[in-house]
There are 2 protein chains.
Amino acid sequence: MAKQTPRYHAIADDLRNQIDRGALAPGQKLPTEEELTTHYEVSRNTVRLALGRLTEEGLLVSAQGRGSFVRERFEPAVWNWSVLESRSRHEANHDAGDQWASQIAGNGQTPHQEVKVSIRRPPADVARQLNLDAAAALTVVRERVRYVDREPYALADSYFPEALVRDTPLMLPEDVSAPGGVLASAGLVQVRFSDEITVRMPTRDEIERLVLPASTPVAVHMRTGYDKDGQPLRVMITTLPGDRHVIRYDVSAD
Amino acid sequence: MAKQTPRYHAIADDLRNQIDRGALAPGQKLPTEEELTTHYEVSRNTVRLALGRLTEEGLLVSAQGRGSFVRERFEPAVWNWSVLESRSRHEANHDAGDQWASQIAGNGQTPHQEVKVSIRRPPADVARQLNLDAAAALTVVRERVRYVDREPYALADSYFPEALVRDTPLMLPEDVSAPGGVLASAGLVQVRFSDEITVRMPTRDEIERLVLPASTPVAVHMRTGYDKDGQPLRVMITTLPGDRHVIRYDVSAD
DNA sequence: TATCATTTGTTCGTATGTATT
DNA sequence: AAATACATACGAACAAATGAT
């Protein structure tokens with residue numbers, strides 16, 4: 001006896017094919033659950049299971065009272081992390097703010113960000129990167145929400161060892177950029193970075209703060225900056241929704 | 001009138017708290033749906049909605065006939081793309097195979113891969129990277145499934161312009177590595193790479209081929225290799241499940 | 001503005017299928 | 001073979017958000 005595929009899998013497959021073929025175009029409204037119920041001759045529950053499956057795949061979005069729609073993909077922003085904090089570029093461009101804002105503005109869009117500064121014990125992975133004792137050490141934390149055209153685009157949290165940045169303007173909750181800004185003016189120059197990128201589903205908190213549609217994974221980009229002696233100066237953790245970002249690197253093959 | 005949260009949200013929140021606190025440890029079995037039904041005094045349907053919510057967040061896995069379990073995270077493999085195909089490292093290590101296999105083997109694990117070679121019209125994004133006419137041009141495609149200790153770990157598909165690699169050993173379906181291998185022996189030397197990383201939910205096909213648990217997003221890593229004249233020689237698209245990979249880069253701040 | 005029809009969201013109950021122990 | 005536990009599927013009702021009247 002061949003293991004037969006569940007009805008709602010078959011229905012999902014059928015609808016997915018229509019989406020792939022373009023018979024259902026991005027932004028287009030699907031038939032109502034009632035209509036699908038009669039068309040496939042199944043219960044509404046089964047229709048909802050099929051729609052849920054496609055929603056999990058990131059192909060659909062639904063709205064109470066309106067309907068279900070084929071998900072629209074918008075043009076992702078490209079972040080080139082090979083040059084994002086380079087000193088030469090920074091000087092050449094005379095950037096007042098940070099290079100992220102410059103990249104966005106240069107693209108004809110309007111960036112802005114909200115900043116919150118606090119002093120806290122670092123999470124374990126940050127403490128490890130900064131060679132700090134997670135139980136005892138303190139870090140200055142700058143939590144930013146970055147917006148493009150009023151839409152939240154990314155979370156960017158920076159951690160500095162408290163002992164390093166004590167009595168610097170970094171404690172002030174202004175819109176201060178990192179490399180050419182306060183960190184450098186305090187004599188702390190990052191000469192290299194170590195970046196680690198992981199991929200996971202967002203937390204409930206991240207879903208709310210970034211207004212994420214269902215089934216939108218995030219890339220977590222952790223950048224550790226080191227000075228010329230190899231001492232870690234800063235960890236920046238950027239949370240990038242998968243539907244609105246491309247991470248880019250230029251690499252030499254030497 | 002305060003908008004009240006649905007029962008199944010509250011139940012999911014309660015269980016999530018237990019997981020976060022460690023009251024429910026990774027790998028541990030949850031109470032059965034029947035037990036949760038009586039404990040929370042809701043229908044089994046509502047319990048399943050709550051469990052589904054946590055499954056979507058990547059916190060649970062369930063298995064028919066066995067139960068639901070707190071998802072276990074295993075140690076992810078770290079891929080350093082800054083050195084993964086560097087020529088100096090390749091020569092220094094006398095790698096016969098590719099550096100990926102070396103990195104895995106050096107970690108005490110057993111790598112192997114399945115390779116399939118074909119000649120096809122390239123997908124649009126690959127054609128664009130290779131400066132090819134998507135409608136007319138042909139590419140030699142090497143599709144690999146990479147395994148670590150018999151478990152599938154990543155998909156790696158390489159595309160070469162057919163005109164470039166005609167009559168080279170690259171057409172043979174052997175386990176050939178890229179930089180020190182066939183490509184270089186054919187006089188095609190990659191001197192720099194342009195990498196683009198995107199994040200999305202896997203397709204049904206990828207879920208099957210990589211045996212992905214529910215709600216496991218993937219990173220899609222697209223590397224384009226150029227020769228010294230700036231001509232693109234190869235596009236490699238690697239599909240990395242989020243639960244078993246860390247992508248790493250070392251960056252200079254000059 | 002207020003009401004009503006439409007449409008998805010939430011929740012109940014019940015039964016049967018299928019994989020595991 | 002039987003018991004257990006999750007998966008699939010039916011039917012029904014009300015809640016909440018939306019859009020049109």
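- Among Q109(A), E114(A), H112(A), the single residue meeting the side-chain hydrogen bond (donor to acceptor under 3.5 Å, both in side chains) criterion with Y147(A) is E114(A).
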Below 3.5 Å between N/O atoms, which protein atoms pair up with nucleotides 10-13 of chain C? Just atom names and distances, please.
| from | atom 1 | to | atom 2 | distance (Å) |
| --- | --- | --- | --- | --- |
| dT10(C) | OP1 | Y8(B) | OH | 3.2 |
| dT10(C) | OP2 | Y8(B) | OH | 2.5 |
| dT11(C) | OP1 | R7(B) | N | 2.4 |
| dT11(C) | OP2 | R7(B) | N | 3.3 |
| dT11(C) | OP2 | Y8(B) | N | 3.2 |
| dC12(C) | OP2 | S43(B) | N | 2.8 |
| dC12(C) | OP2 | S43(B) | OG | 3.0 |
| dC12(C) | OP2 | T46(B) | OG1 | 2.3 |
| dC12(C) | N4 | N45(B) | ND2 | 2.7 |
| dG13(C) | O6 | N45(B) | ND2 | 3.1 |

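- A donor and an acceptor atom, one from each side chain of Q129(B) and Y159(B), are nowhere located under 3.5 Å apart.
- Salt bridge present: R16(A) and E57(A) bring a charged side-chain N and a carboxylate O closer than 4.0 Å.
- With rounding to whole Å, E34(A) atom CD is found 13 Å from dA12(D) atom C1'.
- Partner of T239(A) under the side chain to side chain contact (heavy atoms under 4.5 Å, CB included) criterion, chosen from H245(A), R209(A), E206(A): E206(A).
- Between K29(A) atom NZ and dT6(C) atom P there is a gap of 12 Å when expressed in whole angstrom units.
- Residues R71(A) and P213(A) meet the side-chain proximity criterion, which asks for heavy atoms closer than 4.5 Å.
- Distance CG (L30(A)) to P (dT7(C)): 13 Å, rounded to an integer number of Å.
- Residues of residues 51-71 of chain A that place a heavy atom closer than 4.0 Å to DNA chain D, in numerical order, are Q64(A), G65(A), R66(A).
- Two residues are said to be in side-chain contact when any heavy atoms from C-beta on lie closer than 4.5 Å; D195(A) and H221(A) meet this criterion.
- Using modelled atom types, one finds no donor on one side chain facing an acceptor on the other under 3.5 Å when comparing N45(B) with Y8(B).
- Partner assigned to dT7(C) is dA16(D), using Watson-Crick or G-U wobble distances below 3.5 angstrom.
- With rounding to whole Å, L36(A) atom CG is found 17 Å from dT6(C) atom P.
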Verdict with reasoning, R48(A) to E33(A), per salt bridge (Lys or Arg N to Asp or Glu O under 4.0 Å): CA-CA 7 Å; R48(A) 281 181 65 78; E33(A) 294 178 355; 2.8 Å; yes
